[in-house]
Amino acid sequence: MTRAARVPKTLAVLPALLLLPVLLSACGTEKAGAGAGGADRADMSRAQLDARAAALGVAPELVYVTEAPGFTLAQQSVGVYGGDGFSSVYWSRKTGAQIQLSVDRGTMTAANCPKQPLGDASGERITCARDGDAWYRTAGGRQEYAVPEKGHVVRVSADANAVGRAVLRRAAGAAHRPDDTELAAVLPTPDGTATAPVERGDLPPVGDGAPDNDVGTSG
């Protein structure tokens, strides 16, 4: 559906996987575009931004953003979905609820809607109901709005017990292709320098590097 026809703002497969709370607690305070290099990212050309998306394995035309009241993009969640699709997670600091935004090639019709997977609801019966230009899908406590676009489908999904349908519908209606500023804020900053591996305290200084699992005298 066109952006103009989407729900007004009054107020995001591989199977839809939610980030672990510990990951989200580490990244939830990060605002899109914040941090070192934020200004540099905003100054990048569209070609440079598209190249950054491609470096992630994501087709630039499949990158979308959305918004929902009380939800913030978890920057570390941004990545590839399926073959060359796009995925990100928005989360609520207040409730811990999560909304996953995913975009992949294909289409959604009345015939194939019940046959396409919905999150990790394996084996569950999927129900589909038309809602404007979108499909509202439910299965096993999971709910999703799937919006067919030209050559791809934009999906916004969440736990039905954590996120209300109205909020999810609004997030689906707000999903859109980002402008340059939004794209610069969403895509991870490229890092051309090698990073040292994390030093583990359980690895011995000599030998084959196997973890040191010896117990003390009391064990």
Side-chain angles (χ1 to χ4, degrees), residues 1-13 16-35 38 41-42 62-79 81 85-104 108 118-121 127-149 152-188:
M1 59 184 171
T2 63
R3 190 172 183 183
R6 294 188 173 102
V7 181
K9 295 182 184 175
T10 55
L11 32 138
V13 311
L17 297 177
L18 301 183
L19 295 182
L20 294 174
V22 64
L23 172 60
L24 291 179
S25 63
C27 64
T29 57
E30 182 176 355
K31 299 290 186 181
R41 288 191 283 175
L62 299 183
V63 178
Y64 273 69
V65 295
T66 191
E67 58 185 39
F71 285 81
T72 302
L73 174 68
Q75 197 78 44
Q76 284 91 333
S77 70
V78 173
Y81 179 88
F86 175 80
S87 179
S88 62
V89 172
Y90 293 73
W91 79 293
S92 167
R93 170 180 293 278
K94 182 177 180 180
T95 67
Q98 302 170 18
I99 295 176
Q100 181 175 23
L101 168 67
S102 57
V103 186
D104 204 6
M108 184 78 69
L118 173 54
D120 56 0
T127 62
C128 297
R130 195 71 176 177
D131 189 344
D133 293 334
W135 290 97
Y136 178 65
R137 311 171 69 226
T138 59
R142 190 78 179 165
Q143 61 175 339
E144 174 184 272
Y145 268 96
V147 186
E149 298 287 1
H152 59 275
V153 179
V154 180
R155 304 169 188 257
V156 180
S157 61
D159 185 329
N161 294 319
V163 178
R165 177 174 175 175
V167 173
L168 196 66
R169 186 176 190 270
R170 194 166 296 157
H176 62 278
R177 290 290 314 281
D179 60 27
D180 288 3
T181 300
E182 292 173 317
L183 186 59
V186 167
L187 294 176

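In this text the structure is predicted, and so the values were computed from the model without any measurement. For the numbers below, each heavy atom of this structure counts, side chains included, while hydrogens, waters and symmetry mates do not.
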(Q) If only side-chain N and O atoms count, and only distance matters, is there a donor-acceptor pair under 3.5 Å linking Arg93 with Thr72? (A) no
**Q.** From Gln100 atom CD to Ser88 atom OG, the distance as rounded to the nearest 0.5 Å
**A.** 8.0 Å
Q: Could you pull out all residues at least two apart from Phe71 that satisfy ring pair (Phe, Tyr, Trp, His ring centres under 6.0 Å)?
A: none
(Q) Between Ser92 and Ala97 (side chain of the first, backbone of the second, donor and acceptor by atom type, cut-off under 3.5 Å), is there such a pair? (A) no
Q | Distance, nearest 0.5 Å, that separates OG of Ser102 from NE2 of His152 | A | 11.5 Å
Q | Residue pair Trp91 / Gly96: nearest heavy atoms and the distance that separates them | A | CE3-CA, 4.4 Å
(Q) Check whether Gln143 reaches the backbone of Val163 with its side chain - one donor and one acceptor, N or O, closer than 3.5 Å. (A) yes
(Q) I need the minimum non-hydrogen distance between Val153 and Ala146, along with the two atoms involved. (A) CG1-CB, 4.0 Å
(Q) Once rounded to the nearest 0.5 Å, what's the spacing between atom CG of Leu62 and atom OG of Ser87? (A) 12.0 Å
Q. Do you know which two heavy atoms are closest between Pro148 and Asp133, and how far apart they sit?
A. CD-O, 3.4 Å
Q) Do Val78 and Leu73 have side chains that get closer than 4.5 Å, going by heavy atoms? A) yes
Q: Identify which one of Val156, Val154, Val186 satisfies the side chain to side chain contact (heavy atoms under 4.5 Å, CB included) criterion when paired with Tyr64.
A: Val154
Q. Are Arg155 and Ser157 close enough that some pair of their side-chain heavy atoms sits under 4.5 Å apart?
A. no
Q. Could you give the distance from CG (Leu187) to CD (Glu182), rounded to the nearest 0.5 Å?
A. 11.5 Å
Q.
Once rounded to the nearest 0.5 Å, what's the spacing between atom CD of Glu149 and atom CZ of Arg177?
A. 10.5 Å
